[in-house]
Amino acid sequence: MTRTTTTTRRTLLTGAAAAALTLTLAACGSDAMSGMDHGAAPSATGPAAGHDMPGMSHGPDGMAGMSHGPVGMAGSGDGLAAEQGGYRLDGALAGAEYRFTVTGPDGKALTSYEPEQTKEMHFYAIRSDLSGFQHLHPVRSADGSWTASLAALQPGEWRMYASFVPGAGSGKGTGLVLSRTATVAGQATPVPLPAAATTTTVDGYTVTVSGTPKAGAAGELTVTVGKDGQPVTDLEPYLETYAHLTAFHAGDQAFAHLHPETGVTAGGGGPTLSFHAELPKAGDWRLFLQFQTGGALHTAALTLNVAA
């Protein structure tokens with residue numbers, strides 16, 4: 001092979017590699033980089049700069065209750081990102097409501113959802129100290145915006161989570177959890193995290209959790225419900241199951257939904273329920289178990305320590 005031919009081939013290979021690199025960087029600029037912090041962008045459902053919504057509270061940063069948490073890297077899988085897979089959450093507190101929009105990869109408000117446990121959207125609000133848990137099913141408007149009517153929020157930092165399954169776009173059929181933080185104005189008094197325990201009581205019911213999950217590994221948790229020393233066998237279906245179990249990690253508020261393994265049968269459920277537990281991080285997790293009896297919904301909470 002002549003030196004001229006070799007030089008020409010090297011030049012062509014170098015040019016091809018450069019072109020491929022250029023295309024890769026362009027793709028990163030439009031997709032992968034979308035998972036980075038966009039805190040300076042205006043909220044899709046919030047007010048224009050300098051104009052407040054009626055009843056909107058002001059946090060110390062002067063953002064009038066706007067969600068101001070970091071967007072985070074896409075694909076984190078712990079519910080702490082505001083954008084993942086091209087889907088983005090934007091929202092703001094307006095009085096006792098959290099108004100938000102999920103936009104799809106096309107930049108438009110998502111209006112197509114696949115129901116998950118009977119609901120298009122599961123919305124959670126929890127304070128940074130893991131107190132004040134709320135699980136709601138917000139109302140969607142025709143334009144794709146959502147409104148979650150919250151109970152009174154104590155002053156401090158809160159994280160708002162939207163859990164849903166897109167019915168359209170590249171993420172169709174894939175469960176996503178996106179979140180942002182919001183500030184409720186006032187003097188915030190932290191609530192200490194209760195010590196890890198296997199038993200708690202709520203509304204006269206005793207809830208016991210057994211199992212020793214390890215961080216990042218699939219395991220099982222078993223929940224037993226009793227009352228007045230007797231096993232409870234009249235649990236009513238709630239969201240297509242006998243209990244709904246979510247968990248939040250102390251320190252960073254990472255989110256996990258523990259899926260039920262006990263199916264609904266005729267005649268009532270209980271006293272024992274099984275859940276698939278896959279908690280990604282070691283440390284303390286605050287568990288919230290919701291179950292229904294006599295038409296009333298009960299929420300039991302306890303702290304679970306997860307080993308590394």
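Below, each value reflects all heavy atoms present in this structure, side chains not excepted, and no hydrogens, waters or symmetry copies.
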Checklist entry - Between V184 and W158, does a side-chain contact (heavy atoms from CB on, under 4.5 Å) hold up when you go through it step by step? => result CA-CA 7 Å; V184 177; W158 289 75; 3.6 Å; yes

Next on the checklist: Once rounded to the nearest 0.5 Å, what's the spacing between atom CG of L273 and atom OG1 of T241?
Outcome noted: 7.0 Å

Checklist entry - So, does T103 use its side chain to make a donor-acceptor pair with the main chain of K108 at under 3.5 Å? => result no

Next on the checklist: Donor-acceptor pair, distance only, cut-off 3.5 Å: does the side chain of E236 make one with the backbone of G295?
Outcome noted: yes

Item to check | Linked, directly or transitively: L130 and F255 (ILVMFWY side chains, under 4.5 Å) | outcome: yes

Checklist entry - Any side-chain heavy atom of L221 within less than 4.5 Å of one from P213? => result yes

Item to check | Within one Ile-Leu-Val-Met-Phe-Trp-Tyr cluster: V102 and L176, side-chain cutoff 4.5 Å | outcome: yes

Checklist entry - Hey, does the side chain of R88 reach the backbone of L178 with a donor-acceptor pair shorter than 3.5 angstrom? => result no

Checklist entry - Which heavy-atom pair separates A182 from M160 by the least distance, and what is that distance? => result CB-CE, 4.4 Å

Checklist entry - Does a side-chain heavy-atom distance below 4.5 Å link T303 with N305? => result no

Next on the checklist: Return the NZ to OG distance between K172 and S112, rounded to the nearest 0.5 Å.
Outcome noted: 7.0 Å

Next on the checklist: Is it the case that the side chain of H259 and the backbone of A277 share a donor-acceptor pair, with hydrogens and angles ignored and the cut-off at 3.5 Å?
Outcome noted: no

Checklist entry - Is the F291 to Y238 ring centre distance short of 6.0 Å? => result no

Next on the checklist: Under a plain distance cut-off of 3.5 Å, with no hydrogens placed, do T183 and E157 share a side-chain donor-acceptor pair?
Outcome noted: yes

Next on the checklist: Could you check, using the six-membered ring where one of them is a Trp, whether F164 and H122 have ring centers closer than 6.0 angstrom?
Outcome noted: no

Checklist outcome for this item: Nearest heavy-atom contact between E97 and S149 is OE2-OG, 4.1 Å

Checklist entry - Is L289 linked to L235 within one hydrophobic cluster, defined over Ile, Leu, Val, Met, Phe, Trp and Tyr using a side-chain heavy-atom separation of less than 4.5 Å? => result yes

Next on the checklist: Just verifying a value: how many Å separate H244 NE2 and Q292 CD, rounded to the nearest 0.5 Å?
Outcome noted: 13.0 Å

Checklist entry - Is L239 close to Q290 at the side-chain level, that is, under 4.5 Å between some pair of heavy atoms? => result no

Checklist entry - Do L150 and L93 have side-chain heavy atoms sitting under 4.5 Å apart? => result yes

Checklist outcome for this item: So CD of Q187 and CD of Q154: to nearest 0.5 Å the spacing works out to 12.0 Å

Checklist outcome for this item: residues 240-258 vs salt bridge (Lys or Arg N to Asp or Glu O under 4.0 Å), sequence neighbours excluded, gives D252-K281

Next on the checklist: Ignoring hydrogens, what is the shortest heavy-atom contact between G85 and S170? Give both atom names and the distance.
Outcome noted: O-OG, 4.0 Å

Next on the checklist: If you define the side chain from C-beta out and look only at heavy atoms, does anything of R159 sit under 4.5 Å from R127?
Outcome noted: no

Checklist entry - Please walk me through it: do R140 and E120 pass salt bridge (charged side-chain N to carboxylate O under 4.0 Å, His left out)? => result CA-CA 9 Å; R140 178 166 60 89; E120 286 190 340; 3.1 Å; yes

Checklist entry - So, the side chain of R180 versus the backbone of L89: is there a donor-acceptor pair under 3.5 Å, distance only? => result yes

Checklist entry - For F288 and I126, what are the C-alpha separation, side-chain angles and deciding distance, and is it a side-chain contact (heavy atoms from CB on, under 4.5 Å)? => result CA-CA 11 Å; F288 294 90; I126 194 162; 3.7 Å; yes

Checklist entry - Just by distance, do the side chain of E261 and the backbone of S274 share a donor-acceptor pair under 3.5 Å? => result no

Item to check | Taking every non-hydrogen atom, the tightest pair across T200 and A300 | outcome: CG2-CB, 4.0 Å

Item to check | Audit row: L258, L279, side-chain contact (heavy atoms from CB on, under 4.5 Å) steps and yes/no | outcome: CA-CA 8 Å; L258 285 68; L279 301 169; 4.0 Å; yes

Next on the checklist: Just checking E116: does its CD atom have more than 12 heavy atoms from other residues, nucleotides or ligands closer to it than 6.0 angstrom?
Outcome noted: yes

Checklist entry - For T246, does its backbone N or O pair with a side-chain atom of H135 as donor and acceptor, under 3.5 Å? => result no

Next on the checklist: When you compare the side chain of L110 with that of Y87, does any pair of heavy atoms fall below 4.5 Å?
Outcome noted: yes

Checklist entry - Under the 3.5 angstrom rule, does the side chain of D78 hit a backbone N or O of L80 as a donor-acceptor pair? => result yes

Checklist entry - So which of V209, T208, V207 actually passes side chain to side chain contact (heavy atoms under 4.5 Å, CB included) with T199? => result T208

Next on the checklist: Which heavy atom of V177 sits nearest to which heavy atom of Q84, and what is that distance?
Outcome noted: O-OE1, 4.3 Å

Next on the checklist: Quick check: Y113 with W146 (ring centres under 6.0 Å apart)?
Outcome noted: yes

Checklist entry - Any sub-3.5 Å donor-acceptor pair from D203's side-chain atoms to Y205's backbone N or O? => result no

Item to check | Non-hydrogen side-chain atoms of P138 and Y98 separated by less than 4.5 Å | outcome: no

Checklist entry - Centres of the F123 and Y161 rings: under 6.0 Å? => result no

Checklist entry - Which is it for V223 and T272 under the side-chain contact (heavy atoms from CB on, under 4.5 Å) test, yes or no, and what are the steps along the way? => result CA-CA 6 Å; V223 174; T272 302; over 6 Å; no

Next on the checklist: Hydrophobic clusters here meaning ILVMFWY residues chained together by side-chain heavy-atom distances under 4.5 Å, can you tell me if L153 and L136 are in one?
Outcome noted: yes

Checklist entry - If two hydrophobic side chains count as joined below 4.5 Å and joins carry through other members, does L304 share a cluster with F275? => result yes

Checklist entry - Do S163 and Y124 have side chains that get closer than 4.5 Å, going by heavy atoms? => result yes

Checklist entry - How long is the span from the CG atom in D90 to the CZ atom in R99, to the nearest 0.5 Å? => result 15.5 Å

Item to check | All side-chain hydrogen bond (donor to acceptor under 3.5 Å, both in side chains) counterparts of S131, not counting sequence neighbours | outcome: D129

